[in-house]
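By convention in this document, chain letters (A, B, ...) are assigned in the order of the sequence lines, proteins followed by strands, and residues within each chain are numbered from 1.
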There are 2 protein chains.
Amino acid sequence: MKFEVTILGSSSATPIFNRNPTAQILNINEKLYLVDCAEGTQQQMLKFDVKGSRIDYIFISHLHGDHYLGLVGLMSSMHLNGRTKELKLFCPAPLKEIIDLQLKYSETKLHYPVEFVFTRTDSPDVILDNQDITVETIPLDHRIPCTGFLFRQKKRLRKLIKDRIEELQIPVQYYTALKKGKDYEANDGTIYKNEVLTTDSAEPKSYAYCSDTLYNPKYFEQITGATLLYHEATFLNDMVDRANQTHHTTALQAAQVAITTGAEKLIIGHFSARYKTLNELLDEAQTVFPNTELAVEGKTFVISE
Amino acid sequence: MKFEVTILGSSSATPIFNRNPTAQILNINEKLYLVDCAEGTQQQMLKFDVKGSRIDYIFISHLHGDHYLGLVGLMSSMHLNGRTKELKLFCPAPLKEIIDLQLKYSETKLHYPVEFVFTRTDSPDVILDNQDITVETIPLDHRIPCTGFLFRQKKRLRKLIKDRIEELQIPVQYYTALKKGKDYEANDGTIYKNEVLTTDSAEPKSYAYCSDTLYNPKYFEQITGATLLYHEATFLNDMVDRANQTHHTTALQAAQVAITTGAEKLIIGHFSARYKTLNELLDEAQTVFPNTELAVEGKTFVISE
């Protein structure tokens with residue numbers, strides 16, 4: 001099952017050096033999930049050929065402008081482009097008030113329904129559970145209420161061993177039971193154990209999105225073993241005092257999160273405008289966690305094929 | 001005195017085909033005035049090297065998102081970039097409520113003061129009068145309250161005829177009076193008429209910004225004789241019914257406004273997403289008003305040198 005993330009924005013606070021503030025698009029089994037939506041996300045979507053009509057879920061981590069100021073524009077464009085299907089919006093509760101006020105004064109009545117699911121920061125919540133994934137909030141430690149999001153692929157059914165199934169001439173109506181792990185009893189009474197008829201499906205993959213946050217072990221357990229961890233890395237570690245003060249993380253700390261929680265791979269992003277080039281941030285993270293890459297606009301990271 | 005306008009966005013409603021929604025930057029005597037501020041205006045400013053720190057005045061025509069959704073992001077960036085000097089914001093009153101709500105939930109207290117001047121649509125108002133210009137609102141006819149803005153250069157003082165002044169050895173302390181039109185009495189009692197000592201300064205130039213509006217003669221008198229007229233031209237004239245219905249103007253109608261009001265030059269903009277290329281819009285306007293140009297991102301139009 002396709003499970004990948006494309007970076008639409010990697011900058012913190014302001015657009016600069018051709019970097020846009022935070023937005024990411026997940027393609028999970030050909031459905032699109034937008035994670036944060038900074039100003040200019042629409043323009044980035046045009047640039048990287050992401051169709052708004054394919055997005056059914058939007059997740060907003062918190063109400064700093066560099067994570068949501070593109071949302072009302074995107075929602076308006078969906079409206080103008082004739083959208084009628086529901087949009088699900090996972091966000092801090094006050095965002096509804098902000099959206100409603102803007103729609104009120106522009107005298108816009110959206111042609112499609114929006115279902116709001118409000119995030120909380122007191123404990124992790126499963127906020128979405130569909131046929132492909134579950135999504136949990138990750139309560140983070142920022143200056144204002146902020147959650148990350150943990151996307152977990154669902155365990156797929158077992159796979160039939162075709163040759164064996166054909167050889168035994170097992171009727172089609174037994175396939176689903178076999179995929180679910182049942183044994184098979186042939187007409188002659190012979191019992192075939194499930195493990196000789198099927199193989200296990202791949203282990204479910206996961207994507208943990210952590211932005212913005214102070215380095216704080218409180219969320220480590222929840223994200224343990226992520227296939228791919230995105231973690232903000234606003235500063236180099238020589239600015240750790242500034243990171244602490246502003247409730248952000250350094251590249252070194254992001255790498256420490258990755259190694260501590262046993263992530264397979266780390267992407268760092270949310271880079272401060274003070275860094276024109278990003279090599280030093282990457283180098284610093286890789287000293288601790290070699291399998292680190294930079295969030296770069298337009299780059300796609302595959303979580304599972 | 002420098003008086004020029006640079007187009008930052010020419011699209012209506014949504015960003016498309018590398019066109020951004022509406023924003024323009026005026027340079028008047030090396031002060032910058034931002035007119036409308038769609039989503040992505042910050043990014044356009046970076047692209048065309050416009051410094052936010054040089055903007056002291058922002059004018060918002062109305063509260064459709066394609067004219068103001070970039071404002072809170074720009075204001076936040078000004079804050080993050082250390083601005084302390086006042087920003088004057090001319091806009092419909094509810095914009096203050098929208099901005100205040102967003103600053104509240106991001107827990108942002110701007111480091112610089114913002115002076116709001118609320119626009120009205122019942123009659124034209126002079127909303128700014130400084131040493132270089134006056135600015136009047138132009139009440140337009142749109143679906144929601146909307147004003148254009150008329151920027152009028154102030155009449156400059158008369159210019160001294162240097163050769164004549166030196167020949168007569170007129171002392172420096174008389175210069176200001178001469179520039180203001182006074183005659184000069186020499187020590188021997190001879191009266192020199194002002195017109196032999198000075199020449200008139202150039203006629204003041206003006207820029208009329210009209211977006212968004214139904215074609216409606218009610219604002220024609222006010223903008224008569226504009227040096228440069230920007231007028232929205234959302235559609236071709238074969239869509240005039242749609243233009244009427246949505247309170248927009250066609251390219252042909254924009255040209256009719258220009259010819260009726262005696263503009264020297266016309267820029268058309270605010271192009272619908274249905275037009276991938278703009279030649280037809282330009283051709284249509286030029287059949288009526290040949291001195292028409294297209295609003296194109298990054299293009300600067302000189303109103304006076």
- Query: Can you tell me if A:S272 uses its side chain to pair, donor with acceptor, with the backbone of A:R274 under 3.5 Å?
  - Reply: yes
- Task: Not counting sequence neighbours, list each pair that qualifies as a salt bridge (charged side-chain N to carboxylate O under 4.0 Å, His left out) and has a residue in residues 136-147 of chain A.
- Result: A:E136-A:R152
- Kindly state each residue pair satisfying salt bridge (charged side-chain N to carboxylate O under 4.0 Å, His left out) with at least one member in residues 110-120 of chain B, sequence neighbours excluded.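 Sorted result for residues 110-120 of chain B: B:K88-B:E115, B:R120-B:D122, B:R120-B:D125.
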- Item | Option that, when pairs with chain A are counted at under 4.5 Å, heavy atom only, ranks first among B:E107, B:Q102, B:H64 |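 Highest number of pairs under 4.5 Å: B:Q102.
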- Task: Look at B:A273, B:P145, B:P94, B:P21 and state which one has the largest set of heavy-atom pairs under 4.5 Å with chain A.
- Result: B:P94
- Message: At a 4.5 Å cut-off on heavy atoms, which part of A:T41 comes close to chain B: side chain, backbone, both, or neither?
- Response: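 For A:T41, the contact with chain B is made by the backbone alone.
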- Task: With a 4.5 angstrom heavy-atom cut-off, could you sort out which part of A:L63 is near chain B: side chain, backbone, both or neither?
- Result: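 It is both, since atoms from each part get that close.
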- Should we count CD of B:E280 as having more than 12 external heavy atoms under 6.0 Å? no
- Message: Is it true that, when you exclude B:K96 itself, more than 12 heavy atoms of the residues, nucleotides or ligands shown sit nearer than 6.0 Å to its NZ?
- Response: no
- Query: How would you list, in number order, the residues of residues 75-85 of chain A that have a heavy atom less than 4.5 Å from chain B?
  - Reply: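 The list, in residue order, reads A:S77, A:L80.
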- For the pair B:D49 and B:K51, find out whether any cationic side-chain nitrogen is under 4.0 Å from an anionic carboxylate oxygen.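 Yes, this pair counts.
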- Message: I'd like to know if the side chain of B:S10 pairs up with that of B:E297 as donor and acceptor (distance under 3.5 Å, no hydrogens or angles considered).
- Response: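 Yes, because at least one side-chain N or O of B:S10 sits under 3.5 Å from a partner of the opposite role on B:E297.
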- Query: Aromatic rings B:H67 and B:H62: how do their planes relate, parallel, tilted or perpendicular, breaks at 30° and 60°?
  - Reply: tilted
- Note on the structure: In short, side-chain hydrogen bond (donor to acceptor under 3.5 Å, both in side chains) pairs touching residues 11-21 of chain A with sequence neighbours left out are A:N20-B:Q43
- Note on the structure: If one checks every heavy atom of B:L46 against chain A at 4.5 Å, the contacting part turns out to be side chain
- Message: Which atoms of B:A38 are under 4.5 Å from chain A, going by heavy atoms: the side chain, the backbone, both sets, or neither?
- Response: backbone
